[in-house]
Amino acid sequence: MSSQAITARSEDYSRWYTDVIQRAELADYAPVRGCMIIKPYGYALWEHIQQQLDRRFKDTGHENAYFPLFIPEEFIMKEKDNFEGFSPELAVVTIGGGEVLEQRLVVRPTSEAIIGHSFSNWIHSYRDLPLLINQWANVVRWEMRTRLFLRTMEFLWQEGHTAHATHDEAEEETLKMLGVYADFAINEAAIPVIQGRKSNQERFAGALRTYSIEAMMGDKKALQSGTSHNLGQGFAKAFDIKYSDRGNQLQHCWTTSWGLSTRMIGGIIMTHGDDQGLRMPPRLAPIQVIIVPIYKNDDEKSKVMEAVDALFAELKGAGLRVRVDVREDLTPGFKFNDWEMRGVPVRVEIGPKDVQNNAAAVARRDVPGKAGKQFVPREGLVERIKALLVEIQANLLAQATAFRDANIHPIENDYARFREIIKDGWAYTWFCGGAECEAKIKEDNQAVSRCFPLDQEKGEGKCIHCGAPATERAYFAKAY
RNA sequence: CGGGGUGUGGCGCAGUUGGUAGCGCGCUGUGUUUGGGACGCAGAGGCCGCCGGUUCGAGUCCGGCCACCCCGACCA
């Protein structure tokens with residue numbers, strides 16, 4: 001619990017972000033640089049993210065497994081692009097049991113290598129395909145600069161790894177899981193995301209193609225919130241993942257990998273949060289309904305608590321995540337602010353008047369102040385709250401979508417204007433995809449291409465930077 | 001690694017020309033309070049980031065180191 005005010009977003013967005021996390025008790029800094037302690041409230045949010053994703057993975061035929069944290073260094077080196085991409089950020093164990101290790105062990109930055117090793121043992125025939133595996137795990141990347149949830153040296157995620165008989169099947173899987181991420185982001189986290197393909201410069205080194213979902217944060221910076229790779233046959237060749245086809249010919253598999261991490265929590269904070277603090281999307285909120293009892297004396301207390309307990313049981317019975325704030329010696333006003341800061345979607349106040357009137361005061365987090373508070377008859381209250389949670393979920397998505405759309409600006413053939421746009425928003429424009437253009441744009445604007453959206457009209461234009469013919473449009477933005 | 005900042009009770013901070021550490025919040029006890037961040041009274045809590053130097057005496061001055069935060073480069 002904290003009574004401190006939160007820095008206004010307009011004053012200092014970074015400070016607002018870290019204030020919210022600490023005051024809402026999502027996470028603490030750890031004694032090790034770049035690491036974080038995820039506190040119960042933050043972890044509960046992660047658990048709901050996990051549940052919603054895991055359900056979707058199972059529904060699309062995937063199974064969970066677990067692979068080791070330690071990976072022989074030579075495994076990592078097998079796939080050259082992968083190794084070169086990751087080597088600067090590897091944590092390597094060189095001593096174990098007091099002895100210098102013959103075989104140095106890498107703490108996994110991702111598990112393509114060790115899973116590839118297993119896949120080569122598991123897969124022999126086309127009958128073994130497709131192989132659809134997911135794991136929930138922690139990974140470590142030695143980052144130079146870290147921020148709570150957005151980039152920490154150790155983070156939690158899921159990584160899906162699949163093997164297929166053909167390129168097209170792998171591509172289909174890659175896009176299917178991208179779609180799963182988008183569905184999750186939009187319908188559970190209420191974050192409008194754009195599905196797209198990364199430029200060659202931005203794609204994962206070991207991948208044929210990298211796709212991502214991109215979201216706009218409250219400061220108009222972009223956040224890559226989920227990633228899906230078609231790895232081609234690169235890993236299959238490096239790890240000898242082969243199968244005999246129907247004609248008894250040995251073929252290399254086509255593999256994919258896709259991941260979504262605790263970074264998503266940062267996305268939720270920065271998409272929905274306001275100057276009062278967090279605003280949790282109801283479907284993921286650790287607490288959906290907080291009940292604050294109000295009373296002056298023992299006589300009132302017993303009457304109020306009777307009504308509160310009954311409502312609590314009813315809401316809980318309806319499947320809602322509900323809690324009663326029974327803390328003594330805190331004023332109701334303090335509790336209102338406290339739970340608003342922590343983003344609980346619906347607050348129910350029950351005092352002597354409400355007991356008498358057979359009603360309750362219901363306040364919604366997405367509408368600030370008195371406008372969001374109304375008195376609701378006790379009769380039908382549970383149904384009203386359930387409906388309200390649905391409304392809030394929809395409203396958060398609508399607000400975020402409106403904000404995003406208001407800050408995306410289409411532009412053609414005008415680099416000067418492009419540069420202006422990108423200072424405070426996203427630009428949507430023709431892009432040749434070339435490395436030189438990308439590098440120059442980055443140098444000029446501290447912004448990069450986010451993706452070529454999958455959903456775009458066919459056409460042809462001129463690259464915003466070099467003017468060469470371009471067949472695709474891309475989003476450009478400053479990014480986390 | 002470059003630039004900027006900060007290290008003093010749990011948190012936020014003050015601490016004058018060097019004289020043996022204080023405020024607010026929080027915490028404990030207690031009483032009055034309670035419909036938008038309550039108040040009184042009584043308490044507990046500190047190796048002033050670390051090491052060294054100057055000095056009769058260092059939170060304060062000097063030297064060195066370390067850590068963390070913010071902004072870049074790198075990255076999900």
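All chains are named by letter (A, B, ...) in the order of the sequence lines, taking the proteins before the strands, and each is independently numbered beginning at 1.
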Whole angstrom value for the distance that separates C1' of B/rA76 from OH of A/Tyr211:
18 Å
Which value, in whole Å, describes the distance between the P atoms of nucleotides B/rA58 and B/rG52?
13 Å
Once Watson-Crick and G-U wobble pairs under 3.5 Å are found, how is RNA chain B written in dot-bracket notation, 5' to 3', with | for any base paired to another strand?
(((((((..((((.....[..)))).((((((.....)))))).....(((((..]....))))))))))))....
Note: A/Glu25-A/Arg342 ion pair, threshold 4.0 Å (strictly below):
yes
Would you mind classifying the nucleic acid contact of A/Leu260 as base, sugar-phosphate or nothing, using non-hydrogen atoms under 4.0 angstrom?
nothing
Under 4.0 Å, counting only non-hydrogen atoms across every strand here, what does A/Thr262 touch: a base, just sugar-phosphate, or nothing?
nothing
Applying side chain to side chain donor-acceptor pair (under 3.5 Å) between A/Gln158 and each of A/Asn64, A/Asp54, A/Asn134, report the one that passes.
A/Asn134
Between P on B/rG37 and CH2 on A/Trp339, what's the gap in Å once rounded to a whole number?
18 Å
State whether A/Arg197 and A/Glu202 are salt-bridged, where the test is any N-O pair (Lys NZ or Arg NE/NH1/NH2 against Asp/Glu carboxylate O) under 4.0 Å.
no
Output yes when a side-chain donor or acceptor of A/Asn297 lies under 3.5 Å from a complementary backbone atom of A/Asp299, and no otherwise.
yes
Nearest-nucleotide wise, let me know which of A/Tyr29 and A/Glu202 is further upstream toward the 5' end of RNA chain B.
A/Tyr29
Distance between P atoms of B/rC41 and B/rG53 (Å, rounded):
47 Å
Choosing from B/rG37, B/rC70, B/rC68, which nucleotide comes nearest the side chain of A/Arg33?
B/rC68
Distance, P atom - from B/rC61 to B/rG72, rounded to whole angstrom
32 Å
Spacing of A/Asp19 atom CG relative to B/rC25 atom C1', expressed in whole Å:
15 Å
B/rC1 and B/rG46, which share atom name P, separated by this distance in whole Å
36 Å
No-hydrogen, no-angle side-chain donor-acceptor test under 3.5 Å, A/Thr210 and A/His229:
yes
Assign the ring pair A/Phe431 / A/Phe452 to parallel, tilted or perpendicular, where the plane angle (0 to 90°) is split at 30° and 60°.
parallel
A/Asp366 with A/Arg279: basic N within carboxylate O range, under 4.0 Å:
no
With sugar-phosphate meaning primed atoms plus P, OP1 and OP2, does A/Tyr480 contact a base, only sugar-phosphate, or nothing at under 4.0 Å between heavy atoms?
nothing
Whole-Å distance separating the CG atom of A/Leu178 from the C1' atom of B/rA76
14 Å
State plainly whether the residues A/Lys198 and A/Glu214 are in salt-bridge range, i.e. N to O under 4.0 Å.
yes
Calculate the interatomic distance between A/Met341 atom CE and B/rG37 atom P; express it in whole Å.
15 Å
Regarding the side chain of A/Asn337, the nearest nucleotide among B/rG37, B/rA73, B/rC69 is B/rG37
May I have the distance from A/Arg23 (atom CZ) to B/rG10 (atom C1'), rounded to whole angstrom?
14 Å
What is the distance from CZ of A/Phe334 to C1' of B/rC25, rounded to the nearest Å?
10 Å
Select one nucleotide: of B/rA73, B/rG36, B/rA76, the one nearest the side-chain heavy atoms of A/Gln446.
B/rA73
What is the ring orientation for A/Tyr13 with A/Trp16, classed by angle as parallel under 30°, tilted 30 to 60°, or perpendicular over 60°?
tilted
Expressed in whole Å, how much space separates the C1' atoms belonging to B/rG9 and B/rG4?
29 Å
Within the 4.0 Å heavy-atom criterion, would you say A/Arg15 contacts the bases, only the backbone, or no part of the nucleic acid?
nothing
Separation between the C1' atoms of B/rC51 and B/rC47, rounded to whole Å
13 Å
C1' spacing across the pair B/rU54 / B/rC68, given as an integer number of angstrom
30 Å
Base-contact (B) and sugar-phosphate-only (S) positions in nucleotides 29-35 of chain B, heavy-atom cut-off under 4.0 Å, - elsewhere:
----BBB
With rounding to whole Å, what would you report as the distance between B/rC23 and B/rG29 at their P atoms?
22 Å
If the plane angle is over 60° it's perpendicular, under 30° parallel, otherwise tilted; pick one for A/Tyr475 and A/Tyr428.
parallel
Honestly, is A/Lys39 close enough over A/Tyr41, meaning NZ or CZ under 6.0 Å from the six-membered ring centre and within 45° of the axis?
no
How many whole angstroms separate atom CE of A/Met153 from atom C1' of B/rC68?
13 Å
Would you indicate what A/Glu143 reaches in the nucleic acid, counting non-hydrogen atoms under 4.0 angstrom: base, sugar-phosphate, or nothing?
base
